[in-house]
Protein chains: 2
Amino acid sequence: MNKRTEQKQNTRQLILRTAKACFIDKGFLETTTAEIASRAEIAHGTLFLHFKTKEILIVEILDNELEQVNDKIQTLIARTADISSALKVYLDFLEREEDLFSVLARELPFYPDALRGKILFREAIIRNHFQQIIKEGINRDELRDIDPIQAITFLFSTLNYYLSMRKIFREEQESVIGKFRDKVIKTFLQLIEKG
Amino acid sequence: MNKRTEQKQNTRQLILRTAKACFIDKGFLETTTAEIASRAEIAHGTLFLHFKTKEILIVEILDNELEQVNDKIQTLIARTADISSALKVYLDFLEREEDLFSVLARELPFYPDALRGKILFREAIIRNHFQQIIKEGINRDELRDIDPIQAITFLFSTLNYYLSMRKIFREEQESVIGKFRDKVIKTFLQLIEKG
DNA sequence: GTACTCAGTGACCATGTACTCACTAAAAGG
DNA sequence: CCTTTTAGTGAGTACATGGTCACTGAGTAC
């Protein structure tokens, strides 16, 4: 690769890194292209040389992120066959990626259909994994006879709620997921476990 | 009252009515002042004669709405001492006002602090009513020994989720709350009831 | 060494939107 | 009546923001 294309790749990566940082700070909707350019210390026009529109930039970043999410989910699915440990692994994951997921939780209803679809599709895979575990538990008569879909909706909605209201719930730089994880796990287990 | 002030009041009410309709259609954030003026068939400038800023207009409308919400809640609280009927009354209420509440569910994280605070305060009153009923149920040993706050958070988060994702979940002009009410009630009762 | 290529630049443009203000005309007042 | 007041008007302003384009200068090819 010659000097020129190498430099071009560097700039492209710089834009991606900087944009991701901006988006995590302020959300996709409220970050401006001028802001990204300024923070990356490049000209405003340079950004559009690499990404024709702001949306294309957002989609590329989210695709990258969701790809990594997908990998972690595969691990999660492979390793966890009981709810309790699956829950723990998933909440650990959410807590680590909380900066990004709280943005998604808030902004999801405002994204263009295609983008929202992608995000919901990833979520559906995780939901489905949990549902399967619960179904099997019910079949083995180890869990209560509840609707797995509804149970999972309760769980995911609650996590979504904490994430979207993050700025209200968390003090300082603490994690909302960390703050509520024990209570959420406990109540959710009460919902599905017998006795 | 003379002709002038009477006409002024009429215009003011016209703006309030029209703005409310616009906000319900497109949300507070995406409705423009020009749109409201055009739909009300008044000059753009007239709007600012009656409401100094868009935010003041929004706050006035939401205060009106929340006031009515408050009245209905008082009735709800007065009439319902058991969860099952309180739930039904509340979901009926949500279903009737779904147009407005789905906007609030989506946009809440983006409102200025004071406005969001007002909305959450009203919600807190309702949550608190439910929590009291559950606490009493637990004390009388009629309900399971769960954390009332967490149980209510599960319920409200789920309703919030359905409302904010309304455009995905509902087909045609049907109500999301109507669509999911039975399942939500059933699962919630399983969470809190014994057996 | 010379001509060509293209990443990068930043002033500029188009658009959208909240808000203003000089003006108009109808109503109020004496 | 004639003057004053004021609801209403709508062109205009200020600003934000996504996106463009003629130009520059370092790198590449010959």
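In this text the structure is predicted, and so the values were computed from the model without any measurement. Computed from heavy atoms alone, side chains included, the values below leave out hydrogens, waters and symmetry copies. Lettering follows sequence order; numbering is per chain, from 1.
- Side-chain N or O atoms of B:R116 include one that pairs as donor or acceptor with a backbone N or O of B:Y111 at under 3.5 Å.
- Per the geometry, CG belonging to B:L14 stands 10 Å off P belonging to D:dT9, to the nearest Å.
- For the pair A:I56 CD1 and D:dG18 C1', the interatomic distance rounds to 13 Å; values are reported in whole Å.
- In this structure, B:I42 and A:A34 both approach DNA chain D, and ranking their closest nucleotides by distance from the 5' end singles out B:I42.
- Nearest-nucleotide mapping onto DNA chain C: of A:R4 and B:T31, the residue sitting toward the 5' end is A:R4.
- Side-chain N or O atoms of A:K8 include none that pairs as donor or acceptor with a backbone N or O of A:K3 at under 3.5 Å.
- Per the geometry, CD belonging to B:Q9 stands 10 Å off P belonging to D:dG8, to the nearest Å.
- Contact annotation for B:T53: backbone-only contact, meaning every heavy-atom pair under 4.0 Å involves sugar-phosphate atoms and none involves a base.
- Toward the 5′ end of DNA chain C lies the nearest nucleotide of B:T33, the other residue of the pair B:N2 and B:T33 mapping further downstream.
- Exactly one residue among B:F93, B:Y90, B:Y162, B:F156 makes a ring-ring contact (aromatic ring centres under 6.0 Å, His included) with B:F101. That residue is B:F93.
- For B:E35 (side chain) and B:C22 (main-chain N/O), no donor-acceptor pair under 3.5 Å exists by modelled atom type.
- Rounded to whole Å, atom C1' of D:dG8 lies 16 Å from atom CZ of B:R12.
- Heavy atoms of A:T46 sit under 4.0 angstrom from at least one base atom.
- At whole-Å resolution of the value, CG in B:L47 and C1' in D:dA7 are 14 Å apart.
- Atom P of nucleotide D:dG18 and atom CG of A:L29 are separated by 11 Å, given to the nearest angstrom.
- The closest donor-acceptor contact from the side chain of B:Q190 to the backbone of A:D145 lies under 3.5 Å.
- Atom CD1 of B:I36 and atom CD1 of B:I42 lie 9.0 Å apart (nearest 0.5 Å).
- Between the NE2 atom of A:H44 and the P atom of D:dC23 there is a distance of 21 Å, given to the nearest Å.
- Using a 4.0 Å cutoff to heavy atoms of chain B, the contacted part of DNA chain C runs 5' to 3' from C:dT17 to C:dA28.
- With A:K52 contributing its side chain and A:L57 its backbone, the two residues share no donor-acceptor pair below 3.5 Å.
- The base-pairing partner of C:dA25, taking Watson-Crick or G-U wobble contacts with both distances under 3.5 Å, is D:dT6.
- Look at CD1 on A:I36: it is 8 Å from P on D:dG18, rounded to the nearest Å.
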